[in-house]
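Computed from a prediction, not measured in an experiment: that's the story for all the values here. The figures that follow rest on heavy atoms only: side chains count, while hydrogens, waters and symmetry mates do not.
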Amino acid sequence: MLMTVMPGLASRSIRALSSARSASNRTIESAVRSWTRTISSTPVRAAVHRGPTLATASGIHAPKAAPLFSIASPQCRSMFIQTEITPNDDSLKFIPGVGVMGEGTAEFLDTRSALKSPLAIRLMGIEGVKAIFYGPDFVTVSKDSENPWAVLKPEIYSILMEHFSSGMPLFRSEEDREAAGPQDTQILDTDSETVAMIKELLETRVRPAIMEDGGDIEYRGFSDEGFVKVKLKGSCRGCSSSAVTLKSGIERMLMHYIPEVKGVEQILDEEEVIALDEFAKLEERLAKNGKNKNSK
């Protein structure tokens, strides 16, 4: 009698335990679904990451849920735009993490030239912005000295985010894009062996290094006296350290590899001449002040 009762009790106990576990699992699943719906319905705000100073790279991170910084491609969840300082305090290098020109560069110094590019014309519309430069994977923005970066950067970030997220073309037409890229270092059949070597070195050795600082170099000719004429662009335009870059870097390298080269000359715009003159005057004033303090 005892042997027949015990199996019945064990069977009922097992069924009760199984029923309790099933109810517990349903309760947990219901709670998880409710928690998931709550999280998915909560709006996500864009997080802005700023470096402590301009001496470090800074950026802005925009989650996919933020409408202003949303990414058109479903494969991309976010876009992270970094900024890098350049030797020129009034120029910043913005790196969107996607290709910009891909190959070649383009520079826009006024509104008229910027009409070829929808992105450039919008950036030039920001008060204080005076030049835009496109590199293979970056955009260099140059400003005047009166407007601080703290005021300009949020609007620049917003325009860059919107443009690269929408998939809009960088130029209005393919002809505009082809005309914007540098043709200066293309070796021609009419080039002498010396000129061909100069162009090759500028393209393979000098240009990549200058692009690291958000700038570019343009070949303007080779004189009978042996001087290479170049034009600095992007963040290098009007930079106080451009003379050091030319003499200590470019000139020394070209003279080392090509004996026919006797020196490098920089072609300056009128505004660059004025900027360099003002910088020279500032250095003179600082030097005089230093001497006066030492004499006291």
Practice task
Compare every heavy atom of T105 with every heavy atom of M211, then report the nearest pair and how far apart it is.
Solution key: CE-CG2, 3.0 Å
Problem - Backbone of K231 reached by a side-chain donor or acceptor of E218 within 3.5 Å - result: no
Practice task
Examine distances only and state if a side-chain atom of R207 and a backbone atom of I217 form a donor-acceptor pair shorter than 3.5 Å.
Solution key: yes
Fill in the blank from the handout: The reported gap from NZ in K153 to CG in L160 (rounded to nearest 0.5 angstrom) is 12.0 Å
Problem - CZ-NZ distance between F222 and K199, expressed to the nearest 0.5 angstrom - result: 12.5 Å
Problem - Nearest-0.5 Å distance that lies between atom CZ in R122 and atom OG in S158 - result: 7.0 Å
Exercise for the section: For residues L188 and V195, determine if any side-chain heavy atom of one lies less than 4.5 Å from a side-chain heavy atom of the other. Expected result: no
Problem - Taking every non-hydrogen atom, the tightest pair across F164 and V98 - result: CD2-CG2, 3.7 Å
Handout entry: Any V141 side-chain heavy atom under 4.5 Å of I132 side chain
Key = yes
Handout entry: Any donor-acceptor pair under 3.5 Å from Y134 side chain to A120 backbone
Key = yes
Exercise for the section: Please report the closest heavy-atom contact between M253 and V206, naming both atoms and the distance. Expected result: CE-CG2, 3.2 Å
Practice task
Heavy atoms only: give me the nearest E225-K262 pair and the separation to one decimal.
Solution key: O-CG, 3.5 Å
Exercise for the section: Could you check if a side-chain atom of E200 sits within less than 4.5 angstrom of a side-chain atom of I187, using non-hydrogen atoms only? Expected result: yes
Exercise for the section: Determine, using the 4.5 Å side-chain heavy-atom cutoff (strictly less than), whether F227 and V230 are members of one ILVMFWY cluster. Expected result: no
Problem - Side chain K93, main chain E212, donor-acceptor under 3.5 Å - result: yes
Problem - Approximate separation, where rounding is to 0.5 Å, of T140 OG1 and E84 CD - result: 9.5 Å
Exercise for the section: Write down the atom of K229, the atom of S223, and the distance for their closest heavy-atom approach. Expected result: CE-CB, 4.4 Å
Exercise for the section: Flag yes if I126 and V100 sit in one hydrophobic cluster, no otherwise; membership is Ile, Leu, Val, Met, Phe, Trp, Tyr, and two members link when side-chain heavy atoms are under 4.5 Å apart. Expected result: yes
Problem - Nearest heavy-atom neighbours spanning M124 and A114 - result: CG-CB, 3.9 Å
Handout entry: Pairwise side-chain contact, M168 with L119, heavy-atom cut-off 4.5 Å (strictly under)
Key = no
Exercise for the section: Take atom CZ of R172 as the centre, draw a 6.0 Å sphere, and report whether it contains more than 12 heavy atoms from other residues, nucleotides or ligands. Expected result: yes
Handout entry: Side chains of L123 and V139 in contact at under 4.5 Å (non-hydrogen atoms)
Key = yes
Handout entry: T86 side chain to S91 backbone, donor-acceptor under 3.5 Å
Key = yes
Exercise for the section: Give a yes or no on whether the backbone of E162 and the side-chain of S165 come within a donor-acceptor separation of less than 3.5 Å. Expected result: no
Exercise for the section: Kindly work out whether a path of hydrophobic side-chain contacts (I/L/V/M/F/W/Y, heavy atoms less than 4.5 Å apart) joins I210 to V264. Expected result: yes
Handout entry: Donor-acceptor under 3.5 Å (D144 side chain, E146 main chain)
Key = yes
Practice task
With the side chain counted from C-beta on, respond yes when L201 and I250 share a heavy-atom pair under 4.5 Å apart, and no when they do not.
Solution key: no
Handout entry: hydrophobic_cluster_shared for Y219 and M255, side chain cutoff 4.5 Å
Key = yes
Practice task
Report the distance from atom CZ of F138 to atom CD1 of I81, rounding to the nearest 0.5 Å.
Solution key: 14.5 Å
Problem - Same apolar cluster (I L V M F W Y, side chains within < 4.5 Å links), M101/F133 - result: no
Practice task
Check the pair L170 / H163 against side-chain contact (heavy atoms from CB on, under 4.5 Å), numbers first and verdict last.
Solution key: CA-CA 9 Å; L170 196 61; H163 177 85; 3.9 Å; yes
Fill in the blank from the handout: Output for pair (L92 CG, I156 CD1), nearest 0.5 Å, gives 7.5 Å
Exercise for the section: Determine the interplanar angle of the F171 and F108 rings, folded into 0 to 90°, and report it as parallel if under 30°, tilted if 30 to 60°, perpendicular if over 60°. Expected result: tilted
Practice task
Check whether any side-chain heavy atom of M197 lies under 4.5 Å from a side-chain heavy atom of Y257, and answer yes or no.
Solution key: no
Problem - For I121, the rest of its hydrophobic cluster, which grows through side-chain links under 4.5 angstrom - result: L115
Exercise for the section: Kindly say whether D110 contributes a backbone atom to a donor-acceptor pair with the side chain of S113 at under 3.5 angstrom? Expected result: yes
